[in-house]
Number of protein chains: 2
Amino acid sequence: MVATRWSSGGQAGQPPQQSGSDVTMEFKHQPTVTLAEVAEAAGVGESTVSRVLRNHGSFSAKTRERVMAAVERLGYVPNRIAGTLASTGSRLVAFVIPSLSNIVFPDVLRGASAVLEENRYQAVFSVTDYDPGKEEALAAAMLAWRPAAVMLAGYEHTEGTVKMLRASGCRIVELLDLDGDALDIAVGFSNRAAGRESAAFLLKRGYRRIGYVGHDLNRDTRAGKRFSSFCETLDAHDAPLVAREILPGASSVENGRLGLKRLLARTSDLDAVYFSNDDMALGGYFHCLAEGIAIPSKLAIFGYNGLDIGRAIPQPLSTIRTPRVATGQIAAQLVVANAPPQAVDLGFELIEGATA
Amino acid sequence: MVATRWSSGGQAGQPPQQSGSDVTMEFKHQPTVTLAEVAEAAGVGESTVSRVLRNHGSFSAKTRERVMAAVERLGYVPNRIAGTLASTGSRLVAFVIPSLSNIVFPDVLRGASAVLEENRYQAVFSVTDYDPGKEEALAAAMLAWRPAAVMLAGYEHTEGTVKMLRASGCRIVELLDLDGDALDIAVGFSNRAAGRESAAFLLKRGYRRIGYVGHDLNRDTRAGKRFSSFCETLDAHDAPLVAREILPGASSVENGRLGLKRLLARTSDLDAVYFSNDDMALGGYFHCLAEGIAIPSKLAIFGYNGLDIGRAIPQPLSTIRTPRVATGQIAAQLVVANAPPQAVDLGFELIEGATA
DNA sequence: CACCAAATTGGTAGCGCTGCCAAAAAAACC
DNA sequence: GGTTTTTTTGGCAGCGCTACCAATTTGGTG
């Protein structure tokens with residue numbers, strides 16, 4: 001462990017010089033400028049200031065300038081807490097997502113936040129760790145902020161969550177899954193179709209002895225859907241899954257590597273392996289690389305997600321590219337536009353890389 | 001492009017059956033249960049309900065049950081907008097981060113959100129795209145929510161941002177950088193030290209003809225700090241940087257690969273390359289793999305961040321592991337505890353992998 | 001049983017803003 | 001100039017909750 005040295009003025013680990021009297025643990029909030037004070041400073045009524053700042057209703061150019069000058073002079077920052085309480089409908093959008101480690105969700109957030117920011121909406125989030133109970137608790141906490149919409153992953157929610165969301169009257173957006181009935185709005189693609197197409201592709205390429213390496217499917221139900229459709233398709237073509245290796249915990253490159261190693265130790269004559277996602281598949285790829293297993297002649301590898309890194313490895317990964325950012329964008333657009341209930345299928349793209 | 005088929009009841013692309021009268025674009029908000037209604041239903045005063053729900057102040061066990069029963073029966077969800085307005089100090093924490101593509105920031109959010117959720121705080125975020133002007137605008141928008149704290153990346157902010165934050169009276173947390181003076185709280189490590197240690201390590205290993213492949217440094221100032229310290233250290237040891245390749249845009253595996261390719265095309269006799277981060281370094285690694293360039297004998301590679309994937313490739317990546325999740329955790333803990341101003345150095349760890 | 005302390009409870013004034021309405025000012029018209 | 005129309009403006013009642021204070025009840029005690 002190489003410790004860093006803190007290189008600015010003071011001694012390492014010491015607080016930097018601060019403005020004097022902050023010795024106590026308690027931090028005093030300085031009095032804030034209110035709209036009423038701006039109104040008085042500008043010599044106009046409160047509602048006039050409100051109208052000018054929201055650019056809503058009518059006011060003269062002269063008034064506008066007086067108000068803006070006062071705002072500037074006093075350093076007024078509107079209080080959206082108060083504003084939201086007074087008006088109907090907030091501009092908060094709540095995200096209740098399973099994880100931030102799985103790049104899928106940051107990607108969705110990225111797409112959504114760009115659209116939301118443009119429309120002066122504010123994104124709020126919390127992380128469930130794929131735990132439906134936690135999802136319920138966090139969704140309840142979110143509803144307390146009276147958001148314009150709640151965005152969740154997929155269709156699997158507790159009864160309590162569904163009941164609560166329905167009763168809330170706010171928009172409900174279910175993301176990244178279309179295999180089921182949407183509560184209100186759904187944006188994504190069919191995981192079952194993805195599993196099916198993956199299997200069909202491998203079969204078409206002539207692979208018959210196919211294995212699977214995946215992470216905890218009980219938690220990640222979308223991966224579970226892909227897997228079951230994958231197996232069904234194999235069964236329908238008389239090439240049932242030969243072996244599987246399921247690792248507990250989250251997906252990761254390391255788990256993919258470990259999973260493939262274990263799978264091959266048990267079952268030597270596989271000709272292709274389907275992974276629960278690209279992280280896992282990359283782990284498998286690296287295992288083959290390290291062990292000198294020729295890809296795809298000796299063993300084919302197929303992933304899911306279409307991460308950028310999959311295209312940069314020596315042999316581009318065969319996988320399915322999912323529209324993660326677009327899912328976030330479309331979801332946000334529908335919320336902003338207050339669109340009617342609907343399910344939007346964004347599809348996916350099968351990438352015929354060099355690993356299968 | 002393989003289109004998915006939406007497999008549930010209706011036709012693909014059609015909205016699923018909904019509860020009847022949602023034909024209009026406008027969505028009606030149903031009347032919400034208020035605390036006053038709960039109070040009446042429970043036959044107690046409003047303040048009693050408030051005390052019970054917040055578990056604050058005193059009330060009898062019997063009262064508590066009556067209130068909880070009413071809450072249950074009516075499906076009451078407290079309104080935190082109103083609660084926050086009425087009380088002093090909110091439980092919102094605002095994150096103004098440069099990006100969600102760079103895994104660094106999701107990692108920080110992950111660490112922070114776990115701690116915040118435990119303490120019933122709520123995380124809000126927006127994304128600046130490494131644009132200081134946008135940071136200022138978004139910080140202003142954040143302050144309108146009167147958060148308990150604003151968390152930002154690093155020390156480089158516009159004058160306007162600093163002035164505004166200072167005036168806001170809320171806690172300011174600067175993350176992932178310690179090379180400069182903190183406004184209030186800072187949590188992270190020294191990027192300059194990281195650059196220095198990286199150079200020292202390569203020199204110690206005997207590399208003398210060293211190059212650099214990086215992404216847009218004007219935007220990612222922390223990468224810029226690492227690079228300049230790296231160069232200074234090389235200079236101090238009479239082994240100045242031989243060549244550099246800076247790619248516009250964000251860091252990515254593909255850019256790393258492309259960057260190394262270009263660098264080697266221009267300068268053939270390098271013996272080591274320092275990358276702006278692990279994504280870029282992995283790209284470089286893959287380039288060598290594809291081109292048959294022996295690592296590290298022919299060319300050494302050194303990264304930054306210590307991503308998990310770097311440990312799963314055939315030759316573990318030599319890099320510096322940064323405490324990203326811990327940075328988020330500590331930052332959140334300090335905010336929750338309302339700690340005094342301070343700079344917390346979490347250090348970093350140099351990983352002697354197999355690529356340098 | 002009177003009396004005092006402690007525990008419990010309810011009333012109510014805001015928190016800072018928006019939405020509504022009526023008043024005032026400006027513009028348009030005869 | 002008088003009148004109608006239009007634009008601009010200010011006043012004020014909430015939004016749903018918490019904080020404070022006073023009122024009430026409870027539990028001892030002498």
Side-chain angles (χ1 to χ4, degrees), chain A residues 29-67 70-71 74-92 120 141 143-148 168-169, chain B residues 29-67 70-71 74-92 120 141 143-148 168-169:
Chain A
H29 277 264
Q30 50 208 101
T32 355
V33 183
T34 69
L35 184 139
E37 297 176 68
V38 174
E40 179 163 12
V44 300
E46 291 183 41
S47 30
T48 303
V49 176
S50 177
R51 275 187 298 257
V52 170
L53 288 174
R54 285 178 301 146
N55 198 31
H56 176 278
S58 67
F59 45 84
S60 68
K62 194 173 54 192
T63 306
R64 180 200 171 79
E65 286 198 13
R66 293 242 303 275
V67 170
V71 164
L74 300 179
Y76 171 68
V77 177
N79 184 333
R80 287 189 85 172
I81 299 276
T84 303
L85 181 62
S87 66
T88 54
S90 82
R91 278 178 176 267
L92 281 173
R120 310 189 337 101
L143 288 178
W145 291 102
R146 297 294 186 271
S168 75
Chain B
H29 277 263
Q30 50 209 102
T32 356
V33 184
T34 68
L35 184 140
E37 297 176 69
V38 174
E40 181 164 9
V44 299
E46 291 183 39
S47 27
T48 303
V49 176
S50 177
R51 276 187 298 255
V52 170
L53 288 174
R54 285 178 300 145
N55 198 31
H56 176 279
S58 67
F59 45 82
S60 68
K62 194 172 55 190
T63 306
R64 182 201 167 76
E65 286 198 13
R66 294 243 303 276
V67 170
V71 164
L74 300 179
Y76 172 68
V77 177
N79 184 333
R80 289 189 83 172
I81 299 278
T84 303
L85 181 62
S87 65
T88 55
S90 82
R91 280 179 175 266
L92 281 172
R120 310 188 341 101
L143 288 178
W145 290 103
R146 298 293 187 270
S168 75

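Naming convention: chains lettered A, B, ... in sequence-line order (proteins, then strands); numbering from 1 in each chain. Predicted model only: the values in this text are computed from it and were never measured.
- Using a 4.0 Å cut-off, no side-chain N or O of A:S60 falls inside it from OP1 or OP2 of D:dT8.
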Pairs under 3.5 Å (N/O, protein and nucleotides 17-22 of chain D):
residue : atom : partner : partner atom : Å
D:dC17  : OP1  : B:Y76   : OH           : 2.2
D:dC17  : OP1  : B:N79   : N            : 3.3
D:dC17  : OP2  : B:L35   : N            : 2.4
D:dT18  : OP1  : B:R54   : NE           : 3.4
D:dT18  : OP2  : B:S50   : OG           : 2.5
D:dA19  : OP2  : B:R54   : NH1          : 2.7

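- Contacts of A:A144 classified as side-chain contact (heavy atoms from CB on, under 4.5 Å), with partners at least two apart in sequence or in another chain: B:V77, B:R80.
- Following rounding to the nearest Å, B:E37 (CD) and D:dC15 (P) show an atom-to-atom distance of 11 Å.
- When all heavy atoms are compared, the tightest approach of A:V38 to A:L74 is CA-CD1, 3.9 Å.
- Side-chain atoms of B:W145 and A:T84, non-hydrogen and from C-beta on, do get closer than 4.5 Å to each other.
- Rounding to the nearest 0.5 angstrom, the gap separating the CZ atom in A:R64 from the CG atom in A:L53 is 9.0 Å.
- Separating the CZ atom in A:R146 from the OG atom in A:S168 is a distance of 8.5 Å, to the nearest 0.5 Å.
- Remark: B:S50 engages B:R54 in a side chain to side chain donor-acceptor pair (under 3.5 Å) (not counting sequence neighbours).
- With the end axes of the helix from C:dC1-D:dG30 to C:dC30-D:dG1 each set by five pairs, the angle from one to the other reads 40° at 10° resolution.
- Separation of atoms CG (B:L85) and CG (A:N79) is listed at 6.5 Å; rounding is to 0.5 Å.
- Listed by chain and number, the residues in a side chain to side chain donor-acceptor pair (under 3.5 Å) with A:E37 are A:T34 (sequence neighbours excluded).
- The interatomic distance linking A:K62 (NZ) with D:dT7 (P) rounds to 17 Å, in whole Å.
- In this structure, CG of B:L53 is placed 13 Å from C1' of D:dG16, rounded to the nearest angstrom.
- Between the CZ atom of A:R66 and the OG1 atom of A:T63 there is a distance of 6.5 Å, given to the nearest 0.5 Å.
- Taking OG1 of A:T48 as the start and CG of A:L35 as the end, the distance is 9.5 Å to the nearest 0.5 Å.
- For DNA chain C, the contact window with chain A, defined by any atom under 4.0 Å from a protein heavy atom, covers C:dG16 to C:dG19 in 5' to 3' order.
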